[in-house]
Every structure is written in structure tokens, then in C-alpha cells.
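Keep in mind it's a predicted model, so treat the numbers as computed, not measured. Note on naming: letters A, B, ... go to the chains in the order of the sequence lines (proteins, then strands), and numbering restarts at 1 for each one.
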Protein chains: 2
Amino acid sequence: MKPDQEHGIVEAQLRQKGHRWTNQRALIVRMAFATHDHFTAEQLLDICRREDPKVSRATVYRTLAVLEQEGFVEGLETGDGGRRFEHVLGHEHHDHMVCLGCEQILEFHDDELEQRQLLAARRLGFQVLRHSLRLYGYCRACQRAGNSQRAAKGP
Amino acid sequence: MKPDQEHGIVEAQLRQKGHRWTNQRALIVRMAFATHDHFTAEQLLDICRREDPKVSRATVYRTLAVLEQEGFVEGLETGDGGRRFEHVLGHEHHDHMVCLGCEQILEFHDDELEQRQLLAARRLGFQVLRHSLRLYGYCRACQRAGNSQRAAKGP
DNA sequence: GTAGGTGCAAACCTTTTGCAGCATG
DNA sequence: CATGCTGCAAAAGGTTTGCACCTAC
């Protein structure tokens with residue numbers, strides 16, 4: 001899916017849900033969908049301010065909340081108290097491996113895994129709306145670099 | 001395992017690692033292991049203050065950090081930005097289902113699930129140290145009560 | 001015209017830190 | 001008696017909110 005298309009879909013759905021489509025929202029959505037990384041709210045603010053220096057922090061947070069609520073963006077905790085976002089549109093669902101060495105986030109997907117999660121839930125009569133699976137450890141490069149030998153927050 | 005035993009094990013290992021065993025730590029450990037729930041730092045502070053009103057917030061946080069580092073306690077993000085802890089000693093490893101209706105946390109375990117996670121990681125050359133799997137949705141009771149019909153934060 | 005959105009600054013909440021005094025080993 | 005731990009208060013993130021103004025519809 002092209003950025004333009006994604007942008008249009010977001011605009012259409014927000015309008016349909018009774019939200020207004022403002023310049024700020026257009027900018028924030030464009031920037032959020034332009035990066036294919038997992039960004040923090042603060043990073044997104046910075047990027048937006050490069051184009052319009054007076055976008056407010058509050059607006060970014062408020063827009064992210066709307067986008068999350070409408071399912072266009074997903075928040076994920078990094079384990080160190082931080083929170084990142086990623087856009088969801090045009091991405092298959094996937095889970096994450098978080099490298100404690102270089103902070104890189106790898107994505108993966110395994111259908112069998114998903115099935116077993118649902119099975120486990122069904123056994124307990126639990127109705128699953130969404131899930132979050134994260135593996136923490138070291139990526140290939142960091143293993144080679146010996147990052148896995150020192151403590152995560154080591155000297 | 002009896003609470004006394006757990007308490008003793010924690011004391012022994014902390015001492016052995018060169019930590020001191022103070023009244024405050026004994027209290028905090030006792031309280032942390034007394035509850036079988038998933039508690040926030042603030043809740044633990046409150047509970048401890050019932051017995052010793054001048055325990056400091058900083059001490060609770062510092063002690064939780066030591067306990068987490070030594071593997072006696074595990075922190076888990078609740079998805080709403082909050083953080084909870086649970087004691088680990090005498091618990092098998094398990095994953096969590098978080099009910100969005102009553103905030104209850106159900107525990108479950110599935111070996112096959114764990115195996116497939118490791119397999120997925122191995123495919124990408126990723127070395128897993130720990131993982132976190134959470135299913136969000138509604139428990140049986142909340143489904144019956146119709147909580148799943150309203151928005152999570154609904155009126 | 002009237003909601004809803006925006007910018008600003010202040011409030012908030014949770015966690016961390018600097019420091020002087022205290023207690024443990 | 002030296003070092004690690006504690007309590008306090010203040011600082012530090014990151015996120016939310018109150019309010020007056022603005023703008024999309």
C-alpha cells in the first residue's frame with residue numbers, strides 16, 4: 001500500500017467517525033506513516049516540528065490516542081518503561097523481539113503460535129481481543145559483538 | 001513452599017550477594033510474598049506503611065529493583081502505562097491474560113507455546129533471555145456481565 | 001454558528017537521585 | 001567503624017489537563 005492510500009484511508013475513517021481533519025492531524029499522520037520504525041511520541045513531535053515548528057506536544061499525544069483508538073497505530077512497551085508506536089495499516093500482525101544490546105526491534109510472525117494462544121485462552125473461557133508477545137535478548141550482531149557478555153546497563 | 005521458607009531463601013541469597021538484610025527489606029519482602037496478586041509499587045508501599053508508617057517510597061522502589069535483579073520478583077506492564085510486580089519464587093513461569101473488564105490477571109502456561117517462541121527466535125539468530133506474553137480481553141465473568149459490550153473505558 | 005481541535009503552561013504520576021544521618025556486618 | 005541503606009525532598013521523565021482561542025464543517 002502506498003503512503004498516499006494509507007493517508008486517505010485514515011482521513012476517510014476519522015471523518016466518518018466524526019473527527020475533524022486538520023492540518024496538524026494530516027501532518028502527524030503523514031509523518032507517523034512515513035517512518036517504518038517504532039517511534040516514541042517525542043520523536044514524532046520532533047519530526048513534525050521540522051515541518052511546522054509550532055505543532056504542540058499535546059496535539060501529538062491527543063492525535064496518537066485517536067489513532068490508537070481507531071486501530072491505525074499500536075503502542076508497545078519496551079520493557080524499560082518507555083513506550084513506542086508503530087503504524088498498523090498495511091502491516092500484517094506481528095510480534096517483536098527486542099534487542100537489549102542495540103535496542104533494535106525485530107518483527108516476526110508465527111501462525112501456529114497465534115493458534116496456541118487462542119487455544120490456551122479458550123481453555124479458560126477467556127475472550128481475546130488482542131495480545132502482545134515480546135522476546136527480549138540479543139540480536140545476531142550483538143551476540144557477535146559480545147554485548148551479551150556484559151550486563152544490559154553495564155559500564 | 002511456605003512463606004517462611006521463601007523469606008529465608010530471599011534473605012540468604014541477598015546476604016550472599018553482599019546485600020544487607022535490614023528491617024525494611026524484611027518487611028517489604030514479607031509483604032511482597034504475602035500477596036498472591038500483582039501489585040504496583042505504590043500498593044506495596046501502602047501495605048508496608050500499615051505496619052511501619054515511616055517506610056519510604058524510595059526504599060520500596062530500591063528494594064523492588066534489587067529483588068527484580070536477583071530474580072525474586074518480576075515486573076510486568078499492564079498495557080495502560082502502569083507497571084505491576086509479582087513474586088516469582090515457588091511459581092512456575094507463566095504468561096498472563098489481562099481482563100479489560102475487571103482488571104483481573106489470569107495466569108497460564110503452555111510448553112508448546114514456549115518451544116515455538118524459541119524456534120522462531122532461532123530462525124532469526126536471536127538469543128532469548130526472557131519474554132513477555134499477554135492476552136488482553138474479557139474473562140468469563142465479564143463476558144457474562146456484558147462488560148465486553150461496552151468500550152473498555154466506557155461510562 | 002458551534003462543536004471539536006489546538007497551543008500553551010501547569011499539573012500529574014511514577015520513578016529516580018542527592019544528601020546527611022543511621023544501622024548492619 | 002566502614003559501607004551500604006534509609007528517609008526526605010527535590011528532580012526527572014513522560015503524559016494529561018484546563019483554558020482561551022481558533023477553525024473545520
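- For E74(A) (side chain) and E86(A) (main-chain N/O), no donor-acceptor pair under 3.5 Å exists by modelled atom type.
- If you measure from atom CZ of R57(B) to atom P of dG7(D), you get 12 Å, rounded to the nearest angstrom.
- Pairs passing the salt bridge (charged side-chain N to carboxylate O under 4.0 Å, His left out) check and including a residue from residues 111-123 of chain B, sequence neighbours excluded, read D110(A)-R116(B).
- Sorted by first and then second residue, the salt bridge (charged side-chain N to carboxylate O under 4.0 Å, His left out) pairs involving residues 20-29 of chain A (not counting sequence neighbours) form an empty list.
- Straight-line distance from the CD atom of Q43(A) to the P atom of dG13(D): 15 Å, rounded to whole Å.
- Judged purely by atom type and a 3.5 angstrom limit, Q69(B) has no side-chain atom pairing as donor or acceptor with the backbone of L64(B).
- For the side chain to side chain contact (heavy atoms under 4.5 Å, CB included) test, no residue two or more places apart in sequence or in another chain qualifies with Q16(A).
- Remark: A58(A) engages S56(A), R62(A) in a side chain to side chain contact (heavy atoms under 4.5 Å, CB included) (not counting sequence neighbours).
- Residues of residues 58-75 of chain B having a heavy atom closer than 4.0 Å to DNA chain D, listed by number: A58(B), T59(B), R62(B).
- Protein chain B contacts DNA chain C over a range whose 5' and 3' limits, counting nucleotides with an atom under 4.0 angstrom from a non-hydrogen atom, are dT14(C) to dG25(C).
- Considering only residues two or more places apart in sequence or on other chains, K17(B) meets the side chain to side chain contact (heavy atoms under 4.5 Å, CB included) condition with Q13(B), H19(B), E70(B).
- We find that CD of E42(A) is positioned 13 Å from P of dT16(D), with the value rounded to whole Å.
- Residues passing the salt bridge (charged side-chain N to carboxylate O under 4.0 Å, His left out) test with R57(B) are E42(B), sequence neighbours excluded.
- Linking Ile, Leu, Val, Met, Phe, Trp and Tyr whenever their side-chain heavy atoms come within less than 4.5 Å leaves Y136(B) and F108(B) in two separate clusters.
- Residues from residues 18-25 of chain B placing a heavy atom under 4.0 Å of any atom in DNA chain D, listed by number, are H19(B), R20(B), T22(B), Q24(B), R25(B).
- Remark on the helix from dG1(C)-dC25(D) to dG25(C)-dC1(D): inter-end axis angle 40°, axes from five-pair C1' superpositions, rounded to 10°.
- One hydrophobic cluster holds both L113(B) and L118(A) under the rule that ILVMFWY side chains link at heavy-atom gaps under 4.5 Å.
- Between R49(B) atom CZ and dC8(D) atom P the separation is 7 Å, expressed in whole Å.
- Rounded to an integer number of Å, the gap from CG of L45(B) to C1' of dC8(D) is 13 Å.
- For E68(B), the side chain to side chain contact (heavy atoms under 4.5 Å, CB included) partners two or more places apart in sequence, or in a different chain, are V73(B), R83(B), F85(B).
- Shown here are the ring-ring contact (aromatic ring centres under 6.0 Å, His included) partners of H131(B), two or more places apart in sequence or in another chain: H93(B).
- In the hydrophobic clustering of ILVMFWY residues, with side-chain heavy atoms under 4.5 Å counting as a link, I105(A) and L124(B) come out apart.
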